[in-house]
Amino acid sequence: MIEFSDVSRIFTVGDQQVAALRNINLELVAGEYVSIMGPSGSGKSTLLNLMGLLDRPTSGIYRLDGQDVTTLDDTQQALVRRDKIGFVFQFFHLVPRLSAAMNIELPMILAGVPVEERRERVVQLLQSYGLTDRADHRPEQLSGGQRQRVAIARATIMRPLVLLADEPTGNLDQATGKEVMSLLEHLMEQGVTLIMVTHDPGLGARASRQLHMVDGQIVSDSRARG
Amino acid sequence: MKLGDTLLFASGSLRGARSRTLLMMLAMSIGVAAVVVLTSLGEGARRYVVGQFSSLGSNLVIVLPGRSETAGINPGMLLGKTARDLVLDDAQALLRSPAIRRIAPLTVGAAQASHGGLNREVVVMGTTANMLLIRHMDMGQGQFLPQLDPRSASPVCVLGATIKRELFGSQQAVGAWLRLGDRRFRVIGVLAEQGESMGMNTDDLVIIPVASAHMLFNSQALFRILIEAKSRDMIEPARRDAEQIIKQQHSGELDVTVITQDAVLATFDRVLRALTLAVGGIAAISLSVAGVLIMNVMLIAVAQRTREIGLLKALGAPPAEIRRMFFAEAVLLSAVGSIAGLVLGEIGSMVIGQIYPKLPVGAPWWAVLAAFGTALITGILFSVWPARRAARLDPVAALARR
Ligand SMILES: Nc1ncnc2c1ncn2[C@@H]1O[C@H](COP(=O)(O)OP(=O)(O)O)[C@@H](O)[C@H]1O
Ligand SMILES: [Mg+2]
């Protein structure tokens with residue numbers, strides 16, 4: 001489902017070259033729950049961004065759902081992102097001037113989904129994430145946990161194949177983090193492929209497959225219990 | 001993204017940055033209002049002048065003694081002869097032209113007018129009954145000069161409204177005697193109040209038969225001959241005939257100048273229209289400045305909203321969609337701004353109209369259209385570049401910016 005062949009990502013800073021990812025070969029299967037761990041600067045976010053088509057590899061081939069997506073142009077990639085990928089960020093990235101409901105609705109607005117269908121889905125999501133009474137609140141009026149729940153609702157509204165989460169609990173306290181985790185894991189049970197970056201070994205251990213990165217390379221790839 | 005959603009989203013982000021939006025709309029609307037007010041002033045001036053000319057009379061052709069320099073050298077002058085006077089016979093001869101409906105000879109001079117104990121200096125105009133028709137004058141009381149042979153004098157006069165008031169006050173003037181110089185004239189009529197028209201105020205005139213004026217001033221020379229052509233199309237033939245006839249009368253020498261009201265009017269019209277265009281153009285420049293302002297503010301908006309743009313791209317908005325969203329913002333902004341400007345401009349014109357009631361202000365439709373169009377086009381044009389820049393932003397880089 002996600003297939004990396006010899007993927008590298010090299011940043012050029014001034015006249016220095018920084019290899020954030022070196023020759024990554026990786027295959028993830030649909031429905032897997034994968035955690036990516038490793039020290040800061042090891043390339044976890046870079047890997048996730050490549051998977052989410054937010055960034056392009058310097059070399060190598062990325063196949064998503066059987067399709068080579070590295071050769072697509074900006075517009076085609078945007079459509080793949082829209083239809084197949086959900087992203088949850090560490091800093092939530094909600095639009096400050098829009099209500100919680102509108103933030104959740106945004107991907108469907110961009111996709112041109114008819115209003116009735118949109119509204120129905122938003123109401124449903126607000127309910128299942130316990131946000132119904134916060135629907136009209138703007139992000140600044142919400143707690144961290146609520147904001148991340150809005151972000152997760154937004155990431156799942158288009159029913160993506162893959163849900164990518166970059167340290168989704170990194171900005172939350174322990175208890176709220178747990179809550180968000182169980183939400184994500186519940187989604188996974190519904191058949192979503194969940195890929196999560198974390199540097200909390202405790203959280204990482206909950207995934208069925210754990211990748212460890214150091215210095216732009218995957219140093220271990222272990223499947224837990226079963 | 002649906003068009004309605006794009007517009008909603010755009011208006012939402014405009015409302016989100018309230019002071020920035022208001023400032024831009026202000027710039028835009030001042031630009032548009034400037035165009036509207038300035039052109040309506042120019043147009044008002046033009047219509048005022050045209051109106052003044054038309055009030056002089058219609059299809060008017062005027063014969064002046066002497067040849068204006070621009071028309072070339074008068075052979076008579078080379079022989080040391082001075083130009084001949086225009087005389088009544090010349091005026092009567094003009095009636096031979098089929099293009100001419102009627103003529104009115106005109107002599108002008110100053111005289112002391114007195115009635116009872118009151119007296120004052122007045123301008124005396126000697127003419128014929130036709131003057132009333134040619135110059136579209138209105139009578140207040142009594143009658144105008146009677147239809148006589150222009151060569152026969154008659155001791156009657158018609159007073160301008162001011163003269164009547166100053167010499168007679170509230171007394172009945174018609175029927176009374178007025179002394180002009182050393183002669184007495186019976187007042188047979190008073191002109192209706194007309195006010196200034198092209199520098200000539202009929203309110204300050206005393207009108208007497210042309211032959212009487214010749215006697216009063218002891219001169220046969222005419223100051224002007226006014227000609228009314230039979231129709232608008234006959235103005236040019238009337239002018240040509242007039243030149244021809246006077247030339248014959250003056251033994252082959254063309255020593256008069258014949259001007260048509262139309263020609264003078266056309267010149268004024270051209271000059272004033274050019275003036276309107278010029279001020280409109282200057283205002284249009286201020287409109288373009290507003291456009292540049294919009295561009296700058298849109299660029300700032302792109303910079304300020306980098307993260308939002310990154311997010312929209314991450315959520316699957318293609319570059320074209322981002323461009324469309326910024327474009328919609330600019331269009332909304334300049335549309336609302338220019339509509340506000342039109343309203344502001346109309347109010348401005350109305351205020352000017354109140355201050356100068358004689359000026360027929362009102363922006364011409366082409367100026368309104370041009371102002372609106374320029375505003376929209378500059379607003380849109382100058383938003384294209386910022387929108388393209390926004391669309392090109394790299395989603396990761398955009399999101400990473402804090
Ligand atoms: N936009 C960038 N420009 C230059 N260097 C970058 C950029 N993004 C990441 N890097 C570098 O790539 C390496 C990996 O970064 P990242 O993937 O963010 O690490 P992690 O998420 O594991 O902390 C780091 O050395 C980082 O400095
Ligand atoms: Mg990171």
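These numbers come from the heavy atoms of this one structure, side chains and all, not from hydrogens, waters or symmetry mates.
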What verdict does the side-chain contact (heavy atoms from CB on, under 4.5 Å) test give for L8(B) and M102(A), after you've listed the backbone C-alpha separation in whole Å, the side-chain angles of each residue and the deciding distance to 0.1 Å? CA-CA 12 Å; L8(B) 264 178; M102(A) 273 285 268; over 6 Å; no
Mind running side-chain contact (heavy atoms from CB on, under 4.5 Å) on M1(B) and I109(A) for me, showing each step along the way? CA-CA 6 Å; M1(B) 200 162 172; I109(A) 297 177; 3.7 Å; yes
Dump the intermediate steps for side-chain contact (heavy atoms from CB on, under 4.5 Å) on R154(A) and L311(B), then the final yes or no. CA-CA 12 Å; R154(A) 181 181 65 191; L311(B) 174 73; 3.4 Å; yes
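Looking at heavy atoms from C-beta onward, T75(A) lies in side-chain contact with P319(B) at the 4.5 angstrom threshold.
Taken to the nearest 0.5 Å, the CG atom of D5(B) stands 7.5 Å off from the CD atom of E105(A). Note that CZ of R82(A) is 8.5 Å distant from CD of E321(B), once rounded to the nearest 0.5 Å. Once rounded to the nearest 0.5 Å, the distance linking CG of L110(A) with CD1 of I322(B) reads 7.5 Å. Atom CG of D394(B) and atom CZ of R56(A) lie 9.0 Å apart (nearest 0.5 Å).
Open room surrounds CH2 on W385(B); 12 or fewer heavy atoms of other groups in view lie less than 6.0 Å from it. Atom CD of Q127(A) has 12 or fewer heavy atoms from other residues, nucleotides or ligands within 6.0 Å. Sparse packing is recorded around CD of E120(A), with 12 or fewer heavy atoms of other residues, nucleotides or ligands lying under 6.0 Å away. Remark: H137(A) NE2 is packed, more than 12 non-hydrogen atoms of other residues, nucleotides or ligands lying under 6.0 Å away. Counting heavy atoms of neighbouring residues, nucleotides and ligands inside a 6.0 Å radius, atom OH of Y356(B) does not exceed 12 of them.
P96(A) does not touch chain B: none of its heavy atoms, backbone or side chain, sits under 4.5 Å away. There is no contact between V80(A) and chain B, counting heavy-atom distances below 4.5 Å. Proximity to chain B is limited to the side chain of R118(A), based on heavy atoms less than 4.5 angstrom apart. When heavy atoms are compared at a cutoff of 4.5 Å, N49(A) approaches chain B solely by way of its side chain, counted from C-beta outward. Interface remark: I85(A) contributes no atoms to any contact with chain B (heavy atom separation under 4.5 Å). Heavy atoms closer than 4.5 Å to chain A are found in both the backbone and the side chain of A314(B). In this structure, no portion of T6(B) lies under 4.5 Å from any heavy atom of chain A.
Contact count versus chain A (heavy atoms, under 4.5 Å) is highest, among S13(B), A391(B), A317(B), for S13(B).
For the pair R97(A) and F9(B), the cation sits on the ring face: its NZ or CZ lies under 6.0 Å from the ring centre, inside 45° of the axis.
Between L54(A) and P395(B), the shortest heavy-atom distance links the atoms O-CG, 3.6 Å.
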